[in-house]
Amino acid sequence: MRKNIVAGNWKMNKNLQEGVAFAKDLEAALAGKTLKCDVIIGTPFIHLASVASSTKLGVAAQNCADKASGAYTGEVSAAMVASTGAKYVILGHSERRTYYGETDAILKEKVLLALANGLSPIFCIGETKDEREKNVHFDVVKKQTVDALFELSAEDFSKIVMAYEPVWAIGTGLTATSAQAQEMHAYIRQTIADKYGKEVADNTSILYGGSANGGNAKELFACPDIDGGLIGGASLDVEKFIPVIEGF
Ligand code: 13P
């Protein structure tokens with residue numbers, strides 16, 4: 001059966017010392033608790049090796065290159081990410097799509113390289129406010145999923161963690177209602193079932209992201225198709241992140 005996962009996405013926050021201290025503090029705070037989910041922290045590249053070697057928590061990069069290696073100044077390859085001990089990579093975040101021009105075609109390459117290097121992509125999809133108002137949100141999410149992922153084999157697809165992040169809910173304090181999130185998660189699962197079959201769909205973890213926090217996590221995670229969260233702001237402080245983890 002699919003896993004419950006709570007993953008933090010620090011985005012461009014915390015220097016190396018702060019990041020390492022956070023990981024230690026989080027691990028200490030979770031020790032002795034019975035967790036009902038896997039916990040992952042998504043750090044900037046420079047933290048990966050230090051955090052992965054000093055904690056048993058899952059560690060995710062927030063991006064990787066769309067090329068395997070070579071003359072690509074400033075880029076970090078999936079192989080490099082994997083060599084740090086990180087097991088996950090967040091791909092397709094709306095901030096990467098919007099600010100860095102990442103298209104479905106680019107993301108398809110990144111996903112292939114991540115998988116080839118043994119990383120599980122946490123693949124983000126989600127519509128803008130305008131797209132929801134125009135009632136095309138289901139189409140948008142389907143296209144993002146199909147164009148970047150649906151040439152994968154069923155075996156490779158089963159390594160993907162999906163994350164539904166409505167762009168209008170990210171960092172805005174506007175959370176999708178649990179009914180809106182559940183409706184979209186069920187749609188995403190059905191889309192996966194149509195392509196890969198019910199078993200693969202039932203085994204795919206689909207996380208919700210967008211102003212999720214300790215106050216709303218429990219209600220969101222209680223929905224049948226919501227298997228956890230991808231958490232931005234509330235993942236930056238141990239005291240705020242723990243109540244999200246305890247939403248399960
Ligand atoms: P917030 O939780 O800050 O809204 O960010 C969500 C997000 O983008 C996680 O990837």
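Order of listing sets the numbers, starting from 1, for every ligand and every atom in it.
The existence of a salt bridge linking D139 and K142 is excluded, since no basic side-chain nitrogen approaches an acidic carboxylate oxygen closer than 4.0 Å.
Listed by first then second residue, pairs satisfying ring-ring contact (aromatic ring centres under 6.0 Å, His included) with a partner in residues 30-49 read W10-H47, not counting sequence neighbours.
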Can you pull every nitrogen or oxygen pair between ligand 1 and the protein closer than 3.5 angstrom?
| from | atom 1 | to | atom 2 | distance (Å) |
| --- | --- | --- | --- | --- |
| ligand 1 | 2 (O) | G232 | N | 2.9 |
| ligand 1 | 3 (O) | G233 | N | 2.8 |
| ligand 1 | 4 (O) | G171 | N | 2.6 |
| ligand 1 | 4 (O) | S211 | N | 2.7 |
| ligand 1 | 5 (O) | K11 | NZ | 3.3 |
| ligand 1 | 8 (O) | K11 | NZ | 2.8 |
| ligand 1 | 8 (O) | H93 | NE2 | 2.7 |
| ligand 1 | 8 (O) | E165 | OE1 | 3.4 |
| ligand 1 | 10 (O) | N9 | ND2 | 3.0 |
| ligand 1 | 10 (O) | H93 | NE2 | 2.9 |
| ligand 1 | 10 (O) | E165 | OE1 | 3.2 |
| ligand 1 | 10 (O) | E165 | OE2 | 2.9 |

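Between the side chain of Q62 and the backbone N or O of G42 there is at least one donor-acceptor pair closer than 3.5 Å.
By the ring-ring contact (aromatic ring centres under 6.0 Å, His included) test, F241 pairs with no residue at all, sequence neighbours left out. For E127, the salt bridge (charged side-chain N to carboxylate O under 4.0 Å, His left out) partners two or more places apart in sequence, or in a different chain, are R132.
Between Y208 and F221, a ring centre-to-centre spacing not shorter than 6.0 Å is recorded.
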